[in-house]
*Asks:* 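Dropping a structure here in structure tokens format, bear with me for questions.
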There are 2 protein chains.
Amino acid sequence: MKPALDPAFAHARLDSLLDAIPLTRAMQIALRGYDGDTLTLAAPLAPNVNDKGCAFGGSLAGLATLAGWGLVALKLASRNIACDIYVQDSTIRYLAPVWGELSALARLAEGESWDAFLAALAERGRARLRVDCRVPLADGKDACTLDSRFVAIRGAK
Amino acid sequence: MKPALDPAFAHARLDSLLDAIPLTRAMQIALRGYDGDTLTLAAPLAPNVNDKGCAFGGSLAGLATLAGWGLVALKLASRNIACDIYVQDSTIRYLAPVWGELSALARLAEGESWDAFLAALAERGRARLRVDCRVPLADGKDACTLDSRFVAIRGAK
């Protein structure tokens, strides 16, 4: 296994990916952390608030989906593999309102492996994998969980 | 059954609901149609584009979730029932990319009824129901489907 992306490079790489998506600027999404296995994105409440004063469900879904997508994008960037990455489906559960900053932590779903994903991608030019995301509250409980499936298609970019 | 909301009133009511959610302005979401049973929202591609030049998954999820939420909100507004409405869970399937305007049509899921929902709300002060949303393409196929469950809680607003 190669080492994880250098943090400064991960930051620059993700910023350039997010910059191509205007809504991420409106949401003020920022990279909070990346260690090769977990990606954390965050966004302030104000631009993501709903009519009740807590986080808008669409913002939570968007942030968590982007965290999952970014996890796959950074892994492929660290291997210099040019791919388009699409989300295929997601199930999101809204468990508790978020009254402050939004953050989303993405990691591979149980039973998934980067090695298998990268091997499938090398062999067939496309590969799928599931990513689990959670939006934690200050007390450690989850405000929201997102289970998503992504597909990467080689050579598109 | 009372008649559907007057279109001009529906427009004003939904605009005031959406105005409280800053991201809907960033997405430039507009009411396209409402007949009491189906709500259609639309948004231009430019503010909702992704890194590949088609619609960002987070925008599709947000637009479809809002269409479902708005369908419930307008029904309750037409009955003068003050409620907070929350999305509880959603499953979204991304079937094809959207290269132009985004639109989302929301209607009750099969097996759901407004009468049962309103009766439960009157009796228990809260009620749940499922809403189906689709994002159609010009050829009539679906670019995206969203199956969501909402809960309404009386008296909160």
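Per chain, numbering begins at 1; letters A, B, ... match sequence-line order. Keep in mind it's a predicted model, so treat the numbers as computed, not measured.
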*Asks:* Which atom names give the shortest non-hydrogen contact between A:S90 and B:Y94, and what distance separates them?
*Replies:* OG-CE1, 4.4 Å

*Asks:* Select, from B:R93, B:Q88, B:R25, the one with the greatest count of heavy-atom pairs under 4.5 Å involving chain A.
*Replies:* B:Q88

*Asks:* Let's test your reading of the structure: which of A:T65, A:D19, A:I21, A:L60 forms the most heavy-atom pairs below 4.5 Å with chain B?
*Replies:* A:I21

*Asks:* Output the distance between atom CD1 (A:I92) and atom CD1 (B:I92), rounded to the nearest 0.5 Å.
*Replies:* 9.5 Å

*Asks:* Applying a strict under-4.5 Å side-chain criterion to I, L, V, M, F, W and Y, I'd like to know whether A:M27 and A:L31 cluster together.
*Replies:* yes

*Asks:* Identify which part of A:L146 has an atom lying under 4.5 Å from any heavy atom of chain B, answering side chain, backbone, both or neither.
*Replies:* neither

*Asks:* Might you confirm whether atom CZ of A:R130 has over 12 heavy atoms from other residues, nucleotides or ligands at distances under 6.0 Å?
*Replies:* yes

*Asks:* So which heavy atom on B:I85 is nearest to which on A:K52, and how close?
*Replies:* O-NZ, 2.9 Å

*Asks:* Establish whether A:L39 and A:F117 are linked, either directly or via other cluster members, by ILVMFWY side-chain heavy-atom contacts under 4.5 Å.
*Replies:* yes

*Asks:* Return the set of residues passing side chain to side chain contact (heavy atoms under 4.5 Å, CB included) with A:A119 (not counting sequence neighbours), or none when no residue passes.
*Replies:* none

*Asks:* For each of B:G62, B:P22, B:C54, B:A64, tally heavy-atom pairs with chain A at distances under 4.5 Å, and name the one with the top tally.
*Replies:* B:P22

*Asks:* What closest approach, in Å, do A:D51 and B:L17 show between heavy atoms, and which atom pair accounts for it?
*Replies:* CB-O, 4.5 Å

*Asks:* Side-chain heavy atoms nearer than 4.5 Å, only ILVMFWY residues, links allowed to pass through others: does that put A:V131 and A:L105 together?
*Replies:* no

*Asks:* With rounding to the nearest 0.5 angstrom, report the CG to OG1 distance, B:D89 to A:T145.
*Replies:* 9.5 Å

*Asks:* Tell me, for A:A46 versus chain B, whether the close heavy atoms (under 4.5 Å) come from the side chain, the backbone, both or neither.
*Replies:* backbone

*Asks:* Which atoms of A:L66 come close to chain B, meaning under 4.5 Å heavy atom to heavy atom: side chain ones, backbone ones, both, or neither?
*Replies:* side chain

*Asks:* For B:L23, is it the side chain, the backbone, both, or neither that has a heavy atom closer than 4.5 Å to a heavy atom of chain A?
*Replies:* both

*Asks:* Among A:G57, A:P47, A:G58, A:P97, which residue has the highest count of heavy-atom pairs closer than 4.5 Å to chain B?
*Replies:* A:P47

